[in-house]
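Worksheet for the structure shown next.
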Amino acid sequence: MSAPGLRKDAVPFENVVVWIAAVFGIISAVGVVVTMLAIATQVLVRWITDYSIPGLVELSQSCLVVSIFCGLGWAGIRGEHVSVRLLTDRLSHRVNHVIDVIVWTGGSIFMAWLTAAAVLRAIESTADGEAGPSVTLVWYLWPWRWVMAVGLAVLTLVALTNLVRAFLGRMPYDSASPVEHAPEEIAR
Amino acid sequence: LVGCSGVVDQGGGGGGEGDEQTWEITQVTVTDKNSVMHPWEEWYLNEVEKRTDGQITFVRTEPNELCGILDAGECLFDGRAQFLTQVPNYQPSAFASMSMPEIVFGSDNLAAVSSAVYDVNKENPDALAYLEEQGLHHVSTLPVGRIVVGTNQPADSIEDLRGEAVRTSGVIVTHDFEAIGASIVNVGAQEAYQAVQSGLATSLAGAMDFPVVFKIGELLPHWSDPGLGNYSEFSMFWDLETWNEFPEDLKTTLTEIEEELNAGIGADLLYDAAFAQCEMLADMENVESFTKWPEESTQEWYDRVGETNDETWIGLATDYGLNNAGGVLEDFRSAVEQYEEEYDYSDAVLDCINGGFEEARSSQ
Amino acid sequence: MTVGMVVAVTILLLFALLAIRFPIALALGLSGAIGLILLRGTDYATATIVGPTFSNAFNFTFTIIPMFILMGLFAVRARVAEYVFQITAYVTRRAPGGLGVATVLACAGFAAVSGSSIGTAATMAQLSVGEMRKHGFPASLASALVAISGTLGVMIPPSTFLVLYAIMTETSVAQILAAGILPGVLSALAYITYIMTIGQRKIGKSTDKDDIEASLAAATAEARAKQRAAGTGDVIESGPGRVPEGSGGSEPSLSAEPVTTWRQLPWRGLGYIVILFGIVLGGMYSGVFTPTESAAVGALAAVVILLFERRKLGIKGLFLQVRGALLDTGATTAMVFFIVFGSVILSQFFVAARVPQMVRDGMLGLGIPPTVALGLLLLCIIPLGMFLESLSILVITVPILAPIAVEFAGDLLPGQEGMVTVWLGIIVVKLIEIGMVTPPVGILGFVVAGVAKVRIETVFKGVLPLFLVDMVVLILLFLVPDISLFLPSLVAR
Ligand code: NA
Ligand code: NA
């Protein structure tokens, strides 16, 4: 079981997509660390001084947005997005390639739609200076809407990569376990 | 067109058929059925349906059903709903011109406050421009009522709150609590119960909904009114495009209803609901006392921080895109003064403390 | 097209997309979105797929999910899970299904600190599915046990879900939280009984495709290892990614060294678990932390344990461990929430189509006695739960059910009329939780499948008998209201 990096049969632009997804995966991990440290700091400061640092709740929420959306493409490359393979496992190799094309055409269209909608919403939010609930301080929402839009765009890229691979008759990056891939890719 | 987008085809009930066009309006709300705000909202929806002879009907949705509580406005802005009830504080950048009632140490006359917000949002050019930019037609804003504080020990001065971990919300309120040495516990309203139960929060400050609807009265035995005045407010809106689509006669009818609601009916409905809550508080076994702080204590708090609140509000409203927020606040203040003379309003929470609470207790 | 036809088309589309192995999140989102287009047009659908997606991510209560996942991953890499399950396996070596029992108990323990079923299931999937499989549990049994035990997260307090119910129905929060305890414990006991009787007969006799593959892979790996001759040591050092020990079942016999005496057991593992649970539980119940804070502090403690336990790896090795856990957490969090988003989009479609109201009106129109109608309406939650996200079900069904229950409280609970909403709340929450593990949209099943790298159909296969166990529990809760009402009757209103 190796790292989910590049496939031997990678198409040229795939390197770029995998690389982008990995960078965003790291950003997602940074979001997780910041959440953990921010909340732990809050607990410590409150324990010692009885003072609550303003804005940490908002920061944690924002980091959650980062962790989720920046992690989407990375999870896609790693084949983490679960699917039901009960039926398709019984079908022939050729039918499965047709299914790959259908799945990733649909997936790409949906993701592109979602991304476009998120971009428009982010533009609107930026223009309005949209802010979250005023609990203790002003916290703008628009930067996090952009994080969502960009994260979805990365997953769209991964979906397109899968589509291209499917067209070329190669295995997409999806939820089939590496074990399942192994014999086929060795055979190729 | 927008009005029709809210219409579900129900076998010929759609828009544009026959003589009279009809609108099926999707309503999105944050108002819980048990909240003191519910009668005010229901009154408006019912009157509209009645007086437009069914030309306008509302599809009522539950809080959290279509949009979450913290971003209910989203449903109006993106076209999923055409009528909205929201707490301006939850989405401050979209509702800045309605949030003046949040400035604590304000008027005790909630009827006057409600009318003043309405007037400002109909007359002040900056407020109107702001509403238009947000795509809103303002219907009514109702304050939620006085801030009450729940504590484990009886409290009647700022000394008693020093060092307390207080669950409360709102930039101005939290600022004023921090100024007297309390620390703020920042959890959502629905997590407030578990925060107090676990001891994370030792006190709570909010409107009467908190002890009664959110059941904090089960946990904190002593309740008091520190004299800060109103806590927050709810507002109702039409989506502006939908509103603009209504023919003139319909707009006239709707405006009549709006004006009646803002000229006292809303405040009266609030009084009844809030007084009923007082009786519910009296019914809560764990609650031991409900009192008002002496004037001196309130004054001491005001002297400490009260003067800064206007500046804080103006700063926030400006950040949220309201031009000349200072002018809007000035118009609001003079309208409040004018209405204070017009309305002889008595406050349900104060009436409750001055007798209603004990009466309800003894009649059990 | 009528609304009914649109609903039918959408459900069929969902099944079709699932059948051709669309990623589940995309299948849910796409079918929901197409349903919305058919119902309300493209603009409406576009708005619906964006708004709720963002608001379900920018949400403080959900921060607990990555924090618990992170804590679990650190604990796995620190070998805490392995140690604890070694101890459990030894202690319960003569008891049937000991590891399964330990898993259910651990889930119940987690439930006592976490209000989130998804958080509970994701953490425990990380910690225990791999260990159970190493000890011969079929993948279906191991994963389904974790998925169904995840449902305890909402029933055993703290539970924001129960608090929300109390606010909606004017029920005492103290009472509803107290009411959740015994039904939660009863459910846990029911799962344990199952695992100790029928379940344990399946141990070591798997017919799951996942297990067959895993043993095949293990054989292949062994062959390769022999070829390469030079061992590289730790499996998990192989780069920034995948599959630490304990999450795949790919090395069935390696770490299950037969321990023969009490002394040889890795007792410090138990110490670590006591520390982690002490921080999380103790911190919360003493009021030092909120639940979310307890999760973050627990994760921090787990990383300290990891650094200590694996100190021999050196700075570079430790860095790789921590980095790997963080990257895994990011990817798993993204995967889990992507499914939540898809499910929310589909829910928005059902809300827009007003399906629950159609169901209610159909029911009430039948002219059957109200108590029977209430029972039938309650049962309708299960099919709703097959498609809807759980908060939506609560928000939609409670305003319909509660007034009926209150009106006929005298028939339903003679002598305890005042407690009818408490009892109803427990039944409703139990039904909603059952919906979280049933196909086609059983979000806990998806989460466990994703985290533990098991096929979703394998999880659902294992859920079926446990679903029947839960139905028995449900019938008991319905027929013996005192199970729910005994503790709250001791709590003042
Ligand atoms: Na719980
Ligand atoms: Na389900």
Side-chain angles (χ1 to χ4, degrees), chain A residues 1-5 22 25-26 28-29 31-33 35-36 39-40 42-43 47 57 60-65 67-72 74-75 78 80-89 99 102-103 106-107 110-111 113-114 117-118 121 132 141 144-145 148 174-175 177-180 182, chain C residues 17-26 29-30 33 46 49-51 53-54 57-60 62-63 66-67 70 213-214 216-217 220 235 238-243 248 250 288-289 292-293 296-297 299-300 323 326-327 329-335 337-339 446 449-450 453 455-457:
Chain A
M1 306 217 173
S2 66
I26 292 169
S28 160
V32 174
V33 180
T35 308
M36 182 182 76
I39 296 177
Q42 165 81 299
V43 170
W47 192 47
V57 168
S60 311
Q61 285 173 303
S62 307
C63 283
L64 183 59
V65 173
S67 301
I68 294 170
F69 291 105
C70 293
L72 280 177
W74 176 235
R78 289 168 46 147
E80 301 231 3
H81 296 300
V82 189
S83 59
V84 182
R85 315 187 79 82
L86 190 61
L87 241 68
T88 52
D89 279 355
I99 289 176
I102 297 171
V103 167
F110 180 70
M111 284 312 303
W113 177 27
L114 190 55
R121 186 68 189 81
L141 293 186
W144 317 109
R145 294 220 183 249
M148 168 172 163
D174 59 12
S175 80
S177 66
V179 183
E180 243 182 335
Chain C
L17 295 181
L18 287 173
I20 59 167
R21 64 169 159 73
F22 254 72
I24 282 162
L26 288 175
L30 188 56
T46 306
I49 59 179
V50 172
T53 300
F54 183 79
F58 189 81
N59 182 322
F60 186 67
F62 288 162
T63 319
M67 289 301 104
L70 183 61
E213 265 168 19
L216 183 77
T220 318
V235 192
S238 57
R242 214 29 286 145
V243 192
S250 55
V288 179
F289 313 141
T292 308
E293 286 171 355
V297 177
L300 197 65
R323 188 184 73 170
L326 290 170
L327 285 170
T329 304
T332 304
T333 304
M335 182 273 293
F337 276 85
F338 200 38
I339 295 172
F446 299 153
K453 301 273 168 276
R455 284 182 164 70
I456 177 63
E457 49 269 33

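Reminder, nothing fancy here: chain letters follow the sequence lines and each chain counts from 1. Computed over heavy atoms, backbone and side chain alike; hydrogens, waters and symmetry mates excluded.
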Quick one: of [options], who has the most non-hydrogen atom pairs under 4.5 Å with chain C?
{"options": "A:S62, A:A22, A:G31", "result": "A:S62"}
{"options": "A:A40, A:G25, A:S60", "result": "A:S60"}
{"options": "A:I26, A:I102, A:L114, A:V33", "result": "A:L114"}

For [X], which atoms come within 4.5 Å of any heavy atom of chain A: side chain, backbone, both, or neither?
{"X": "C:F446", "answer": "backbone"}
{"X": "C:M335", "answer": "both"}
{"X": "C:E457", "answer": "side chain"}

Heavy-atom pair of closest approach, residues [X] and [Y]:
{"X": "C:A449", "Y": "A:V82", "answer": "CB-CG1, 4.1 Å"}
{"X": "A:M148", "Y": "C:V50", "answer": "CE-O, 3.8 Å"}
{"X": "A:A75", "Y": "C:A334", "answer": "CB-CB, 4.5 Å"}
{"X": "C:P23", "Y": "A:V103", "answer": "CD-CG1, 3.9 Å"}
{"X": "A:W74", "Y": "C:A331", "answer": "CD1-CB, 3.8 Å"}

Counting C-beta onward and ignoring hydrogens, is there a side-chain heavy-atom pair between [X] and [Y] closer than 4.5 Å?
{"X": "C:P66", "Y": "A:L64", "answer": "yes"}
{"X": "A:L87", "Y": "C:I20", "answer": "no"}
{"X": "A:T35", "Y": "C:L70", "answer": "no"}
{"X": "A:H81", "Y": "C:F338", "answer": "yes"}

What's the spacing between [X] [atom1] and [Y] [atom2] if we round to 0.5 Å?
{"X": "A:Q61", "Y": "C:F60", "atom1": "CD", "atom2": "CZ", "value": "7.5 Å"}
{"X": "A:I68", "Y": "C:F54", "atom1": "CD1", "atom2": "CZ", "value": "10.0 Å"}
{"X": "A:S67", "Y": "C:M67", "atom1": "OG", "atom2": "CE", "value": "7.0 Å"}
{"X": "A:S28", "Y": "C:L327", "atom1": "OG", "atom2": "CG", "value": "8.0 Å"}

Let's test your reading of the structure: which of [options] forms the most heavy-atom pairs below 4.5 Å with chain A?
{"options": "C:F337, C:F22, C:F62", "answer": "C:F22"}
{"options": "C:T46, C:T53, C:T329, C:V297", "answer": "C:T46"}
{"options": "C:L26, C:L18, C:I49", "answer": "C:I49"}
{"options": "C:T63, C:T333, C:I339", "answer": "C:T63"}

Worksheet entry | Contact origin within A:M36 toward chain C - heavy atom pairs under 4.5 Å |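 For A:M36, heavy atoms of backbone and side chain both lie under 4.5 Å from chain C.
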Worksheet item: A:V32 versus chain C, heavy atoms under 4.5 Å apart: side chain, backbone, both or neither?
Response: both
